[in-house]
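Counting begins at 1 with the first residue of the sequence. All values below come from the heavy atoms of this structure, side chains included, with hydrogens, waters and symmetry mates left out.
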Amino acid sequence: MPTTLDEAVAALAAMPTAVPVAGGTDLMAAVNSGQLRPAALVGLGRISEIRGWQYQDGHALLGAGLTHARMGRPDFAALIPALAAAARAAGPPHIRNAGTLGGNIASAAPTGDALPVLAALEATLIIAGPGGARREIPVSHLLAGVEMLRGGELIGYVRVPLLHAPQVFLKATGRTGPGRALASVALVLDPARRGVRCAVGAIAPMPLRPLEAEQWIAGLIDWDNDRALVPEALHAFGEYVAAACIPDPAPEPDGTVVPLPPAVLHLRRTVAALARRALGRALS
C-alpha cells in the first residue's frame, strides 16, 4: 500500500508479477470469477497526489485516482462537462464511489464510459516509470495498442485541454437506469479551431473517430453566427457517423451485396441517433 506514485512504481518494478489496483471494480470482478490470479496486488488507494485535479497551461491535469463520483460533482462538471456526464453514467453509486479514471483507461474495456470522451478531447496520459521517469502518450495510442505500458509503469495523470465550449456524452444501455453501454457518443466543439470532435464507444474494442464526418459538419456550421446549422445537416451527420463506424459489408466477388444483420442495423441506427442528438445539444 504505497503512499506516493514513485513508491508504487518501485513496488511494481520489484514485483513484476504484481498487479496495481485502485477501485477494483473490474480487477476484483476478474479475480472473484477466477479469470485472474495475481501473485500480489499493489494498492493505489493511499496515493493522495493522484486523487485530485489542477489547472496547468490551459489544461486540466487529472489524477488517475479520481473516482467517477468525484468527477460527477458540479465543480468538475463546469470544467469538463462530457467527462462528468460519463462519470455519472458509469454505474450505480457503489461503482462510481470506487471506480477511477485511471482504472477505466488501464482496463480499456470497450464499454468504458470515459474512453470516448477522452478520445474526443484528445487527452494525453502522463506515465510514471522507475527512477522518477515520466513520459507522455496520447490516450488513443494506448487504447489502440500503438504504445503500451512498460514493466513497472503506471498511469499517473491525464492531461485534458480546456475548450470552454459545449460538450456532450450520451449512451444507450438497452435498459432503464445505469448499465453497460450498447453504444455511446462523445462530442465536443472546439470554436478556437472551428472544429467538431466526435468519438463513438462500446461498438468496437476502442473508441472510433469518424474524422471525415467531423470535418464535413465543421464546414457547415456558421461559427460566426451563434454556431447555426440547418436541421437537415443534423440528420445527415448522424447517418455519416454511423456509416463510418459501422460500414456496409464489401460486395461479394459476384457483385452481390449482403445486407447487414438486423441487430447490426439496429446498432447503426442507435449510433446515428446518439450522434445526431449529441450535436444538436452541443449547438443548442
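- Judged as a ring pair (Phe, Tyr, Trp, His ring centres under 6.0 Å), and not counting sequence neighbours, the contacts of W216 are Y240.
- Under 4.0 Å is where a charged nitrogen must lie from a carboxylate oxygen, and between E214 and R209 at least one such pair does.
- Taking the side chain as every heavy atom from C-beta outward, P249 and L260 approach each other to under 4.5 Å.
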Criterion side-chain contact (heavy atoms from CB on, under 4.5 Å) on I203 and I246, from CA distance to verdict
CA-CA 9 Å; I203 66 171; I246 308 176; 3.9 Å; yes
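- At least one donor-acceptor pair closer than 3.5 Å links the side chain of R96 to the backbone N or O of G91.
- A salt bridge between R268 and D248 is present, with a side-chain N of the basic residue lying under 4.0 Å from a carboxylate O of the acidic one.
- Linking Ile, Leu, Val, Met, Phe, Trp and Tyr residues whenever their side-chain heavy atoms come within less than 4.5 Å leaves V42 and I127 in two separate clusters.
- Across all non-hydrogen atoms, the minimal contact from A89 to K171 is O-NZ, 2.7 Å.
- Follow the hydrophobic side-chain contacts under 4.5 Å out from F169 and you reach M71 in the same cluster.
- Rounded to the nearest 0.5 angstrom, Q56 CD and L61 CG are separated by 5.0 Å.
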Before giving the answer on side-chain contact (heavy atoms from CB on, under 4.5 Å), spell out for R281 and L170 the whole-Å C-alpha distance, their side-chain angles and the decisive distance to 0.1 Å.
CA-CA 10 Å; R281 293 186 186 184; L170 298 173; 3.2 Å; yes
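- To the nearest 0.5 Å, atoms CG (D190) and NE2 (H164) are separated by 11.0 Å.
- Comment: D6 engages R134 in a salt bridge, judged by a side-chain N to carboxylate O separation of less than 4.0 angstrom.
- Under the 4.5 Å side-chain heavy-atom criterion for ILVMFWY residues, a single connected hydrophobic cluster contains both L274 and V264.
- The two atoms that bring I217 and A233 nearest to each other are CD1-O, 3.9 Å, heavy atoms only.
- You'll find the side chain of T67 stays beyond 4.5 Å of the side chain of L101, heavy atoms only.
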Quick one, S184 with V200, criterion side-chain contact (heavy atoms from CB on, under 4.5 Å). Give me CA distance, side-chain angles, the key distance, then yes/no.
CA-CA 6 Å; S184 61; V200 179; over 6 Å; no
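- Between L229 and L234 there is a side-chain heavy-atom pair separated by less than 4.5 Å.
- Residues L143 and P207 share a closest heavy-atom pair of CD1-CD, 3.9 Å.
- Panel note: side chain W223, backbone A218; a donor-acceptor pair is recorded below 3.5 Å.
- Checking side-chain atoms of E153 against main-chain N and O of R150 turns up a donor-acceptor pair under 3.5 Å.
- Contact check for R37 versus V31: side-chain heavy atoms found under the 4.5 Å cut-off.
- D57 meets the side-chain contact (heavy atoms from CB on, under 4.5 Å) test with no other residue; sequence neighbours excluded.
- Rounding to the nearest 0.5 Å gives a distance of 11.5 Å between CG of L154 and OH of Y157.
- Side chains of V271 and V241 form a contact here, defined as non-hydrogen atoms less than 4.5 Å apart.
- Within a 6.0 Å radius of CZ in R135, other residues, nucleotides and ligands contribute more than 12 heavy atoms.
- Clustering ILVMFWY residues whenever any of their side-chain heavy atoms sit less than 4.5 angstrom apart, transitively, puts L162 in a cluster other than the one holding V168.
- Considering only heavy atoms from C-beta on, L27 comes within 4.5 Å of L41 through its side chain.
- No more than 12 heavy atoms of other residues, nucleotides or ligands shown are found within 6.0 angstrom of CZ on R277.
- L118 pairs in a side-chain contact (heavy atoms from CB on, under 4.5 Å) with only one of the listed residues (I105, I80, N104, L125), which is I105.
- With contacts defined as side-chain heavy-atom distances shorter than 4.5 Å, the pair W53/L79 qualifies.
- A salt bridge is absent between R46 and E7; no separation between the charged side-chain nitrogens and carboxylate oxygens falls under 4.0 Å.
- Closest heavy-atom contact between P161 and R197: CG-NH2, 4.5 Å.
- Not a single donor-acceptor pair under 3.5 Å links the side chain of T256 to the backbone N or O of E252.
- In the displayed structure, E49 atom CD is contacted under 6.0 Å by more than 12 heavy atoms of other residues, nucleotides or ligands.
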Can you check side-chain contact (heavy atoms from CB on, under 4.5 Å) on I126 and V158, steps first, answer last?
CA-CA 6 Å; I126 298 177; V158 183; over 6 Å; no
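- L12 is listed as a side-chain neighbour of P20, based on a closest heavy-atom distance under 4.5 Å.
- Contact between A84 and F76 at its shortest, heavy atoms only, is CB-CD2, 4.2 Å.
- Considering L121, L187, L189 as possible partners of Q167, the one that fulfils the side-chain contact (heavy atoms from CB on, under 4.5 Å) test is L121.
- Note that NE2 of H235 and CG of L279 are 13.0 Å apart. Values are rounded to the nearest 0.5 Å.
- For the atom pair I221 CD1 and N225 CG, the distance stands at 12.5 Å (nearest 0.5 Å).
- Atom CG in L142 sits 8.5 Å away from atom CD in E147 (nearest 0.5 Å).
- For D222 and R194, the salt-bridge test fails: no basic side-chain N is under 4.0 Å from an acidic carboxylate O.
- Counting heavy-atom neighbours within 6.0 Å of D75 CG, excluding the residue itself, gives a total above 12.
- V185 and L211 end up in different hydrophobic clusters when Ile, Leu, Val, Met, Phe, Trp and Tyr side chains are linked at under 4.5 Å.
- The two atoms that bring A8 and I47 nearest to each other are CB-CD1, 3.8 Å, heavy atoms only.
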